[in-house]
Amino acid sequence: MNAIDNKWIGKRTIRPDGADKVTGRAGYSADHNMPGQIWGRVLRSPHPHAVIRGIDTSKAEALPGVKAVVTAKDIVDFPLDKSVMLGIQDMRWMCRNVMAREKALFHGHPVAAVAAISEEVAEAACKLIEVDYEVLPHVIEIEDAIKPDAPILHDFVRHEGKPSNIATTMVNKLGDVEAGFAQADLIIERSFKTRPVHQGYIEPHACTVSYAADGRVTIWSSSQGQFMVRAMTSLLTGIPQSNIRAIPAEIGGGFGAKTIIYLEPVAVLLAKKSGRPVKMVMSRDEVFRATGPTSGSMSTVKIGVKNDGTIVAAQGTFYLQAGGLPGSPLRGPVGCSFSPYHIENVLSVGYDVVSNRSKVAAYRAPGAPLGAYATECVLDEIAEKLGMDKLELRLKNTAKPGGKTVYGATFGAITFKETVEAIKYHPHYTAPLDKNPSKGVVRGRGVASGFWFNAGGESSAQLNITEDGNVNVTTGHPDVGGSRASIANVTAELLGIDHSRISVLIGDTSSIGFSNLTGGSRVTFASAMVVTQSAEKVIGQLKERAAKIWKIDPEAVIWDNGEARPAGPNAGQFPPLTLKDLAAKANEMGGPIGAGVQLNTTGADPGFATHCVDVEVDVDLGIVRVLRYTAAQDVGRALHPDYVEGQIQGGVVQGIGWALSEEYLYNAKGQLDNASFLDYRMPVCSDVPMIEPIMLEIPNPKHPQGVRGVGEAPIVPPLAAIANAIHDALGKRFYSLPMSPPKVLAVIDG
Amino acid sequence: MTDIRYLAPPTLDEAVRAFAAAQGAARILAGGTDLLVQMRNGMVHPGTIIDIKKIPEMTSITEAADGSFWVGAAVSGAVLAEHPRFGKVWPGVLEAINLIGSTQVQGRASAGGNLCHGSPAADSVPAMVAAGAVLTIAGPNGRRTMPVEAFPVGPGRTSLAAGEILVGFTLPARPAGSGDAYLRMIPRTEMDIAVVGVGVSLTMAGGVVTAARVGLGAAAPTVLLVADAAKVLVGSKLDDAALNAAAAACSAACKPIDDKRGTIVYRTKVAAVLLKRAAAIAADRAQGRA
Ligand SMILES: Cc1cc2nc3c(=O)[nH]c(=O)nc-3n(C[C@H](O)[C@H](O)[C@H](O)COP(=O)(O)OP(=O)(O)OC[C@H]3O[C@@H](n4cnc5c(N)ncnc54)[C@H](O)[C@@H]3O)c2cc1C
């Protein structure tokens, strides 16, 4: 199955969703409409922090054209004293994020929602809702939120026995760091800051919801999991899952942030109250203000080494912004920061800090980039002080098979070294760099590595042979990164038929078995596994049918190149039976042909990446441009190389934005000041060079095709790689992101 | 939903009459790349929209016998770029206008809209100021002219009186040995808003500057004419001392704010850097080196 002479696996086949997307036919979440549909709008808090003493909706309800109004009263309450988990989400926080309950916790926090005959009427009605706020002092930044006299967001949050904004502490430990540092010849300890950054998907959140007279609900929306949409909506509305059908639309980007919901339960309640289908579409402003981003952070990393470069101890302290409600991705920096390396003594501690910002959502390798940023910058400084090649330092300390990680797992095969070596011998790293090409322009080169856990989990597939002998494959995960194309390649390879005879579909919650989120770099890994097993079952059926026709033993039939054949001369002499032949005889020979598999998949080994980047700095303006970027990663098996390269390139571009230009800016009133793509500066095409991916295909032995998750590891190294390159160019180190022109110029001017 | 009346008069007189008749409830539409954005944001709610793109005078580019140029207020960046002569005479003005937005935006966006929107960061305005453009304005009381630098009065505010419409720009005849340039600092490479923008226009003879004008954008509540910077350039050979003095004058003229797009310190420094760089390009063009 991993043979190089594969016909379909590893080929750049035409993507199944391509024609629809380039012709504008693809249906995204805002594209679905229903007869009689009305519009929902959300009223949002104008204050970053306020007690909600009361809400009077009577004037809004009296406005002609208004059909329903919803507030937190209508949403199922999850009392603060009892945690109810759905995956990694605590429903206590989800219910308060979807609609402010006791308090408005950030500027833009939903307070009520209206459904009316038009968006304009709904908007006008929102303005008629009278909310009685008791405005409280607010706090935005981590350093302010953890001060002893900071405004406290939640009375129920205690840290070391006292009211606090530190909601959780996570401690991962290995060996004894004190003893480790005692053996060190050199110890470097540095503190770093990163800003919250948004996932920046192009498609805003949207949904259309129907609530039928018999109480059955249908939801059209785009998300990273239709089953998550169903489960969360069920929990927040009290409607049983069997009465909710969530239909996944094409998704215009999610990057983790669409692993939770904002609108769907509100729309369901509005539809239920009004008896009309309800459509809701967020504006870009709402997306920035009230969804995502990922955490900003404050971290300190201390690493001790011997003179020969052996790392003897590492310690990390990571404060992460959670937003208004607990739940930052502590596991990312705490678990990933030191995991590429074999270190006997590690102490990694994370603090989840609430403040008056929108609640964070997952973003590509949640939390790992900001941890790697700190660790990989410190390693760069260590290599400099030791006079050692930066990649040599990493090679000397690579994690070992059988080694224990700080987060508890024991490594199997390790593919980190290969990524470092791929960069070390690449013409990019070995090419000389003209460090001062002209007056006022300096250049530098940097490297950094990264780690991500990857994940398996629940997936379902159904593979059906059509009556005319072609194939439909259905899986249960929204296709964010090309899973349909990969599944088509796998199915064509296994069945030995032309790729064009296969249609791959994403099922809705009523047409396919439970499938967990598209996230954690798991979907191609897990769905290829269930599709493989489904195909194997179907091939078994096909062989049985042929055996029946030939009246021989099924064991005596083989499936080869899309045909059933007698296994050998002893089995008998029969002309082969194709898929079409067998489909034509399906009914007389036992009925429809098809099989499904549902699994909790395991064996998703972690991902490693090492990157190299050249930057150029305009020393008079402080502008940093990325000139060349090479990203090496162990990808297991690239079922469809275009998509694997796309994942690597996309992750790097997002990392470049995080490093150089993206940040959430709050004004003194606690309001987000740059809620638009103009002032929230994601890189545009001309800001980034062609990013060269190096796909190292080292098959994952625990997967039928050798697949390894690839979507997240590539966003982990860029932050540090770029910081290290800027240091190489300027001889100055930066300890906070983004390294935007004013900051860079300030450092240059010292 | 509130209804909006859309008018596209074929003559300036009709446009002026309709604009006056609407008594402040109307908006002029050139390319719409600012107006439609403002309407969608709910910042303006015009009852009437008067599209000026059907008025020949406002969509024409003409080079007069004396070498001066007329550019109608509603001429789009793309159309101006296609003019066979304009970009040869005024490369700096053209590059400033062509920096606005993207290819799609260029198909619509006009220098008139850029100016009338009143943003201190408008890209074409510093270049027009450096060029010494003169505006023609028409209103219920007839026509008047004014230098472009007198037009903006504050962020989003202009000296148009009620019912007045900007008709177009007259760029003066160009003596031999002239060149202009516009540079802006943006954090990204495109699709961004100027943190600082500098336009420089020079006339040179024998390597010596005989006339100079400098326009400075995004560094004060309005785009500025920096006469002090021009003064030190005139008579110089653009030696380091003259450039440093002009750069210092540019920094001194800055009255910026600290905002999400840039800090006071940063803008003040960048104004000086851009002055030097833009002057170098303008000088190359003036001396036929570029
Ligand atoms: C994606 C995008 C990118 C952009 N990038 C830039 C950029 O890089 N640099 C930049 O400077 N701007 C930029 N802009 C802003 C805008 O494109 C420019 O300001 C453009 O020049 C406006 O011209 P317009 O013809 O579209 O004006 P309109 O939107 O038609 O008009 C602008 C304003 O001026 C008024 N007006 C227009 N013409 C007249 C007239 N003749 N008399 C009286 N009033 C008038 C209108 O009523 C309106 O208030 C961008 C806009 C977008 C949407």
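Being a predicted model, the structure only gives us computed values, none of them experimental. Keep in mind that the numbers below use all heavy atoms, side chains included, and drop hydrogens, waters and symmetry copies. Throughout, a chain's letter reflects where its sequence line sits, starting with A, and its residues are numbered from 1.
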Seminar exercise, completed: One should read off an interatomic distance between B/Met43 CE and B/Leu35 CG, to the nearest 0.5 angstrom, of 11.0 Å
Problem set entry | chain B contact via A/Leu621 - side chain, backbone, both or neither, heavy atoms under 4.5 Å | both
For this session: Below 4.5 Å from any heavy atom of chain B, which atoms of A/Asp618 appear? Answer side chain, backbone, both or neither.
Result: side chain
Exercise. Side chains of A/Glu203 and A/Ser29: donor-acceptor distance under 3.5 Å anywhere?
Worked result: yes
Exercise. Of all of B/Arg188, B/Arg40, B/Met185, B/Lys260, which one pairs up most often with chain A through heavy atoms under 4.5 Å apart?
Worked result: B/Arg188
Exercise. Looking at A/Val684, A/Leu660, A/Asn674, A/Ile623, which makes the most heavy-atom pairs under 4.5 Å with chain B?
Worked result: A/Val684
Exercise. Relative to chain B, which segment of A/Ser661 carries a heavy atom at a distance below 4.5 Å: side chain, backbone, both, or neither?
Worked result: neither
Exercise. Is the count of non-hydrogen atoms from other residues, nucleotides or ligands lying under 6.0 Å from B/Arg5 atom CZ greater than 12?
Worked result: no
Exercise. Do B/Val270 and B/Val195 come close enough that some side-chain heavy atom pair is under 4.5 Å?
Worked result: no
Exercise. Non-hydrogen atoms of chain B under 4.5 Å away: do they reach the side chain of A/Tyr680, the backbone, both or neither?
Worked result: backbone
Exercise. Given a strict heavy-atom distance threshold of 4.5 Å, which part of A/Leu678 is in contact with chain B: side chain, backbone, both, or neither?
Worked result: both
Exercise. For the candidates A/Asp679, A/Asp620, A/Val624, A/Asn667, which exhibits the highest count of non-hydrogen atom pairs separated by less than 4.5 Å from chain B?
Worked result: A/Asp679
Exercise. Does any donor atom in the side chain of B/Asp258 or B/Thr263 lie under 3.5 Å from an acceptor atom in the other side chain?
Worked result: no
Problem set entry | Heavy-atom pair count under 4.5 Å with chain B, highest-scoring of A/Arg625, A/Met682, A/Glu119, A/Glu663 | A/Arg625
Exercise. To the nearest 0.5 Å, how far apart are CG in B/Leu29 and CG in B/Leu7?
Worked result: 11.0 Å
Exercise. Quick one: do B/Lys269 and A/Asp749 make a salt bridge, cutoff under 4.0 Å?
Worked result: yes
